[in-house]
There are 2 protein chains.
Amino acid sequence: MVTIYDIAAKANVSAMTVSRVINNTGKISEKTRAKVRRVMEELNYVPNQTARSLVLQQTKLLFLLITDIMNPFYTTLARGAEDAAKKSGYRLLFGNSDESLEKEADYVTTILTARVDGVLVAPAGDPSLPHLESLRRHHVPFVLLDREVPGIECDIVLGDSKDGARRLVEYLIERGHRRIAMVNGSSSISSARLRLQGYQEGLKLNDLPCDERYVYETSFGPLKDLTEMEQWIERMDPLPTAIVAGNNVLAIEAMKLLRDRGIGVPDDMSIVCFDDLGPYSESEPFLTVAAQQAYQFGYMGMQMLIERIDERGAAAALPWKKIVLPADLIIRRSVKDLAQ
Amino acid sequence: MVTIYDIAAKANVSAMTVSRVINNTGKISEKTRAKVRRVMEELNYVPNQTARSLVLQQTKLLFLLITDIMNPFYTTLARGAEDAAKKSGYRLLFGNSDESLEKEADYVTTILTARVDGVLVAPAGDPSLPHLESLRRHHVPFVLLDREVPGIECDIVLGDSKDGARRLVEYLIERGHRRIAMVNGSSSISSARLRLQGYQEGLKLNDLPCDERYVYETSFGPLKDLTEMEQWIERMDPLPTAIVAGNNVLAIEAMKLLRDRGIGVPDDMSIVCFDDLGPYSESEPFLTVAAQQAYQFGYMGMQMLIERIDERGAAAALPWKKIVLPADLIIRRSVKDLAQ
DNA sequence: TATTTTAAGGTTATCGGTAACATTATTTCG
DNA sequence: CGAAATAATGTTACCGATAACCTTAAAATA
């Protein structure tokens with residue numbers, strides 16, 4: 001590998017001069033600068049970021065930790081994060097925790113050893129607390145996405161889960177639905193809890209009972225095994241006329257299950273959910289959803305993170321910021337109108 | 001930050017001894033080992049991968065460069081790549097070139113300065129050649145995905161584009177279609193060229209004419225502007241009864257466009273395409289596709305890459321490997337049967 | 001003209017590890 | 001019992017860059 005010393009030797013200058021040319025610092029004569037530049041081109045020199053990171057104590061690396069890389073919510077979010085990172089000259093590492101605490105722990109280790117300058121995290125859930133404490137202890141700035149973790153104060157970008165869920169329920173009620181069920185992610189995840197609350201609130205405000213048998217708690221991630229969900233559906237008697245899914249993945253899995261059992265959507269069962277499906281919903285506009293501004297989650301989260309990093313060492317610490325983005329109700333065809 | 005020197009001082013040993021404990025090398029007495037371990041825990045020591053990389057001349061970082069992070073083909077591929085990387089103790093950086101040569105060039109710079117140990121690339125197209133030559137010149141091992149680039153020899157994982165496209169066309173012909181059009185990605189992309197060839201071959205084998213007005217070339221990536229495609233559709237007279245899309249994104253955009261113009265799919269127009277839609281197709285099984293084994297692209301590509309890295313410096317260089325994965329025809333509901 | 005400034009560049013130490021070699025007891029063996 | 005082997009640890013140099021300080025000659029100023 002070509003180093004600044006090779007350049008220095010060939011250009012008859014010191015390594016420091018080469019460094020100055022590269023970074024445009026200090027005073028260098030035009031002649032020397034040109035000579036050094038020429039030699040750099042000749043030798044195809046590329047700076048070694050590793051060496052630079054070691055002495056500068058910053059890697060210009062950021063990390064995005066998400067829980068499901070195949071979920072369009074997160075890929076759209078990743079896109080936003082990438083754009084914002086690139087704009088500020090940062091590179092982006094990424095990891096996919098698969099909603100698993102163990103994988104998340106592995107990634108935290110990676111994050112610490114890689115000495116990244118900051119992290120954007122969608123935590124697996126409340127039990128992620130020790131992971132976040134570990135980041136905090138090692139002074140790694142981080143911004144949380146989509147999920148709050150009790151016990152830690154930090155910058156965060158959230159969606160208005162409660163409001164969104166309530167609006168989904170109210171929409172169903174307007175269409176004449178009375179028996180409304182909910183499949184949700186783990187209650188150890190703040191957004192799942194809020195969506196459940198919004199669901200319950202929606203029912204109560206309309207004087208409908210909350211039957212706990214109509215609520216099924218599982219995981220937000222792709223399910224390995226649908227038999228539990230199947231049993232839940234069998235247990236419900238009478239069947240609900242509509243299901244609210246805690247996110248898009250659950251909605252898709254529920255639909256698949258229902259279809260396989262000969263229960264048509266929306267004819268025999270209506271479905272709505274949180275989060276849109278990315279480009280797919282445009283081609284086959286089917287699912288009615290509370291769409292979150294996924295790109296903004298990533299973009300704004302990344303901006304907050306970079307702000308934190310830049311402000312590091314400032315006299316007065318910035319107060320923690322919390323951004324709550326609304327969810328937009330997008331009405332499509334997955335709900336049957338029973339009110340007519 | 002806590003360093004091995006801090007540990008060494010507190011444990012009354014030399015830094016080298018600490019290093020040996022961390023890496024399980026050399027001979028260390030159980031007593032010393034235990035003492036060092038205890039101090040490491042006490043001080044919350046985390047090794048500095050940057051320093052390690054500098055001296056070891058390897059970063060344990062790999063890079064995945066894809067062209068569209070919102071396309072389920074690539075996210076599924078990414079998932080496979082991540083799993084394979086993790087299994088071998090590598091971390092994964094990623095970048096999204098957006099089918100743009102400029103962005104790709106930026107990422108190549110990032111890759112070189114970050115001194116990653118290897119790269120998995122889905123190149124933007126044939127003009128990516130200089131980027132790959134640059135990687136080669138700097139001895140960065142790489143494996144190509146999905147697209148060949150004339151002028152460079154390397155390991156590569158490909159799908160059988162020609163065969164897949166021919167089978168899509170033959171399927172359409174079996175259903176009675178005679179006027180079959182194609183929307184395709186840029187002809188500077190090898191897989192687009194092969195898909196076009198497969199399409200033409202399918203027509204010829206069945207004595208159907210290849211009308212070039214039925215072929216429209218654009219980009220595989222999300223289109224900013226659909227007016228050109230709209231004009232193409234208007235130009236075709238008579239309208240085809242079916243369209244083959246070069247990939248899933250194009251199929252979705254075409255469907256959207258057709259629907260907006262009141263042309264129903266599949267009633268007024270049939271559509272098939274390359275690449276599946278990930279989880280969505282399961283919930284709403286609609287598009288008939290030639291599904292590629294996206295996960296395998298990533299997993300096998302990553303395996304080949306790691307093999308290259310491990311074999312580096314071996315006496316005899318391994319011959320370049322080329323894996324061609326078949327595409328599976330998945331019949332769903334987006335094609336109308338005209339043969340009945 | 002003597003003294004400061006400034007421009008242009010060089011020297012040295014350092015970031016946090018690890019390889020290679022050196023050292024010192026303690027065993028082992030001929 | 002002395003030489004050689006081994007176990008356990010320490011020393012030094014280096015990976016490739018940059019910060020901080022130093023030097024020298026030319027230009028500006030008193």
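The model shown is predicted, which means the values in this text are computed figures rather than measured ones. Below, read A as the first sequence line, B as the second, and so on, with proteins coming before strands; counting in each chain starts at 1.
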Task: Residues in contact with DNA chain D, drawn from residues 40-57 of chain B - heavy-atom cutoff 4.0 Å - done: Leu54(B), Val55(B), Gln57(B)
- [ ] Before giving the answer on side-chain contact (heavy atoms from CB on, under 4.5 Å), spell out for Trp320(B) and Arg308(B) the whole-Å C-alpha distance, their side-chain angles and the decisive distance to 0.1 Å.
- [x] CA-CA 10 Å; Trp320(B) 298 121; Arg308(B) 272 288 159 207; 3.4 Å; yes
Examine the side chains of [X] and [Y] and answer whether a donor and an acceptor come within less than 3.5 Å of each other.
| X | Y | answer |
| --- | --- | --- |
| Thr50(A) | Ser53(A) | no |
| Tyr74(B) | Asn96(B) | no |
| Thr17(B) | Ser14(B) | yes |
| Ser219(A) | Glu99(A) | no |

Qualifying salt bridge (charged side-chain N to carboxylate O under 4.0 Å, His left out) pairs, either residue in [range], two or more places apart:
| range | value |
| --- | --- |
| residues 112-136 of chain A | Asp126(A)-Arg193(A) |
| residues 50-69 of chain A | none |
| residues 103-114 of chain A | Asp98(A)-Lys103(A), Asp106(A)-Lys86(B) |

Task: Atom pair NZ/NZ of Lys10(B) and Lys35(B) - distance to nearest 0.5 Å - done: 13.5 Å
Open item on the list: What's the separation between atom CG in Leu64(B) and atom CG in Leu77(B), rounded to the nearest 0.5 Å?
Closed with: 6.5 Å
Open item on the list: By the ring pair (Phe, Tyr, Trp, His ring centres under 6.0 Å) test, which pairs, at least two apart or in different chains, include something from residues 113-139 of chain B?
Closed with: none
- [ ] Sorted by first residue and then second, give each ring pair (Phe, Tyr, Trp, His ring centres under 6.0 Å) pair with at least one member in residues 82-123 of chain B; sequence neighbours left out.
- [x] Phe94(A)-Phe94(B), Phe63(B)-Tyr107(B)
Open item on the list: For chain A and DNA chain C, what are the first and last nucleotides along the strand, 5' to 3', with at least one atom under 4.0 angstrom from a heavy atom of the protein chain?
Closed with: dA7(C) to dG16(C)
Would you tabulate the nitrogen or oxygen pairs shorter than 3.5 Å linking the protein to nucleotides 6-13 of chain D?
from	atom 1	to	atom 2	distance (Å)
dA7(D)	OP2	Lys27(B)	NZ	2.9
dT9(D)	OP1	Ser29(B)	OG	3.4
dT9(D)	OP1	Thr32(B)	OG1	2.5
dT9(D)	OP2	Ser29(B)	N	2.8
dT9(D)	OP2	Ser29(B)	OG	3.4
dT9(D)	OP2	Thr32(B)	OG1	3.3
dG10(D)	OP2	Ser14(B)	N	2.7
dG10(D)	OP2	Ser14(B)	OG	2.9
dG10(D)	OP2	Thr17(B)	OG1	2.6
dG10(D)	N7	Arg20(B)	NH1	3.4
dG10(D)	O6	Arg20(B)	NH2	2.5

- [ ] Could you pull out all residues at least two apart from Glu102(B) that satisfy salt bridge (charged side-chain N to carboxylate O under 4.0 Å, His left out)?
- [x] none
Open item on the list: Between Arg38(A) and Glu41(A), does any side-chain N to carboxylate O distance fall below 4.0 Å?
Closed with: no
Open item on the list: How bent is the helix from dT1(C)-dA30(D) to dG30(C)-dC1(D), measuring the angle between the end axes built from five pairs each, rounded to 10°?
Closed with: 50°
Task: For DNA chain C, the residues among residues 107-116 of chain B that have a non-hydrogen atom under 4.0 Å from it - done: none
TODO: Please name all residues satisfying ring pair (Phe, Tyr, Trp, His ring centres under 6.0 Å) with Phe297(A), sequence neighbours left out, ordered by chain then number.
DONE: Phe73(A)
